[in-house]
Amino acid sequence: MGKEITSRSEDYSQWYIDLVKKADLAENSDVRGCMVIKPYGYSIWEKMVEALDKMFKDTGHVNAYFPLFIPKSFLAKEASHVEGFAKECAIITHYRLKNAEDGSGIIVDPDAKLEEELIVRPTSETVIWNSYKKWIQSYRDLPILINQWANVVRWEMRTRLFLRTTEFLWQEGHTAHATKLEAEKETRLILDVYADFAENFMAMPVIKGMKSEGEKFPGAVDTYCIEAMMQDGKALQAGTSHFLGQNFAKAFDVQFAGKDGKLDYVWGTSWGVSTRLMGALIMAHSDDDGLVLPPKLAPIHVVIVPIFRTEEELAKISEKANQIAGALRKQGYSVKFDNRDTHKPGFKFAEYELKGVPVRIAIGPRDLENGTVEVARRDTKEKMIIKLDDVVAQIPALLDSIQTTIYQKALKFKGEATTKVDSYDDFKKVLDGKGGFVLAHWDGTSATEAAIKEETKATIRCIALDAEEENGKCIYSGKPSARRVVFARAY
RNA sequence: CGGGGCGUAGCGCAGCCCGGUUAGCGCACCACGUUAGGGACGUGGGGGUCGGAUGUUCGAAUCAUCUCGCCCCGACCA
């Protein structure tokens, strides 16, 4: 067969790419750095979108849509923003093609040059704040709490399926507020939403924290993030929430009249998560048999595999299978009855394990005789014989248990992959050994951060919000530090 | 843009150094039969301008020159 995936220990990157392809999630496009998300992969993304969208709406946000194209002049208005994105923009310079006069094919019509180039959005702060300027006059117009689901383009040098692609899907929230405090609360509220989603839907524990000066979003005052730990000991930034201060309001001249009649600049936030979460989900839980999906994000909760030789047997099994499927669907579960006669049961078992379906029910002649079914859970590979009449009643608790077990396993792993160190030697030793999060003292300077990055490839993932006050010495410079920060090598 | 590598069937590859019938293998695909509680087996079959161009030669997947494309490492990566 060609379905075996590389063992995880050999080369994690290769294993990850193999798995993405074998589980039918996505593939490289012929377009440079771009990705085709296949139906199964997209169905998982849809589950994420559905859950996140509800969480945003439950916290007072609404969806809208802004243009794909950003005039070059917009992007230039916020100095650090343009500096941060300038090197990775796709730029539209012309709007027409024509036949080459020498008959060599289609060429760009030089007469169709745009007066002002358009940038394919790498993020939408500028185009959105340009609208907000028109929408906001008074404190009565605030707050504005908008989210958009969109695609963006960042022309990165190197790409990797889901983790970093030239074009990717995401949501970006952009809010405007009358007070600094309110904007700061919004930033933190969204951070909590992201952490909640990561932990309760993705079953992936995260560290909530703040980015250092060197790692923050271009144009932000503060960048908060959630950082997750992958099974190879590398960290992955899974979501960011930015407090923009009045930077974009000033850049786009967005002022409002307060209750006292005085003009002030609006306070802003922006925040986003992307299809990179798919990569996180895969690398957080999968094993050598394939994906392990938490039930809350699984497109198929339960697959029923019949074991039969003859049409008659299949007919009898189908009757039972359809009863089970019908009853479960009535409760809102997604059930697939795979009655294909073109593949053998063993093939199907392996296929659904590869795809991470949480629960498999097998029904064969033996079960018909005994009035039982075989139930197998994907996370632990445990198999149980359950009475046919009880199975429907037991599935909800089983799915809950799988969700919890996957989370607990990841939490345990994150704990084991987190190490406190007090010397630079130990720091390097841990990074080169098991990797993971390394908690160490840092003097707070960008120079030290850059030097450590240069020497070890480890970056400050964040300053954890729950970091305890603890006097210590910077592992690099020996200067005093008030708390440990989270270092790791990262994707 | 530096360093390395690769373009041969849908996918993964061998063949190339040392030129020689009809270009091969695994997987996948199609047909038939036997199978079916953990990725079946047998037999038969279909599928290729060997990335492209030019050259050398009686003869090029193989040698030379040019060219196009892709991958990996580095630089880059809110």
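Quantities reported herein were computed from a predicted structural model and do not represent experimental measurements. Letters A, B, ... are given to chains in the order of the sequence lines, protein chains preceding strands, and every chain is numbered from 1.
- Across all strands shown, A:Lys348 has no heavy atoms under 4.0 Å from either base or sugar-phosphate atoms.
- Distances from the side chain of A:Phe349 to the nucleotides B:G38, B:G39, B:A36 place B:G38 closest.
- Distance A:Phe347 CZ to B:G37 P: 14 Å, rounded to the nearest Å.
- Checking A:Leu281, A:Ile44, A:Ile37 one by one against A:Leu25, the side-chain contact (heavy atoms from CB on, under 4.5 Å) holds for a single residue, A:Ile44.
- Side-chain atoms of A:Pro365 lie closest to B:G37 of the nucleotides B:G37, B:C77, B:G39.
- Here A:Phe85 pairs with A:His81, A:Phe217 under the ring-ring contact (aromatic ring centres under 6.0 Å, His included) rule; sequence neighbours left out.
- If you measure from atom CG of A:Leu163 to atom P of B:C76, you get 19 Å, rounded to the nearest angstrom.
- One donor-acceptor pair, N or O on each side, does fall under 3.5 Å between the base of B:G38 and the side chain of A:Glu353.
- A:Lys383 comes within 4.0 angstrom of a nucleotide base, judged by non-hydrogen atoms across all strands.
- Note: CD (A:Glu83) to P (B:C77) measures 11 Å, nearest angstrom.
- Under 4.0 angstrom from either OP1 or OP2 of B:C77 there lies no side-chain N or O belonging to A:Arg164.
- Contact annotation: side chain of A:Arg360 to base of B:G38, donor-acceptor pair present below 3.5 Å.
- Base engagement by A:Phe168 is indicated by at least one non-hydrogen atom pair under 4.0 Å involving a base atom.
- Between A:Lys344 and the phosphate of B:A40, there is a side-chain N or O to OP1/OP2 separation shorter than 4.0 Å.
- Ionic pairing of A:Lys133 and A:Asp253 is present here: one or more N-O contacts between side-chain nitrogen and carboxylate oxygen are shorter than 4.0 angstrom.
- Nucleic acid contact class of A:Gly84 (heavy atoms, under 4.0 Å, all strands): none.
- Using a 4.0 Å heavy-atom distance criterion, A:Pro122 is classed as making no nucleic acid contact.
- The listed nucleotides are B:G37, B:G74, B:C77; the one nearest the side chain of A:Lys457 is B:G74.
- The listed nucleotides are B:A36, B:G39, B:G37; the one nearest the side chain of A:Arg366 is B:G37.
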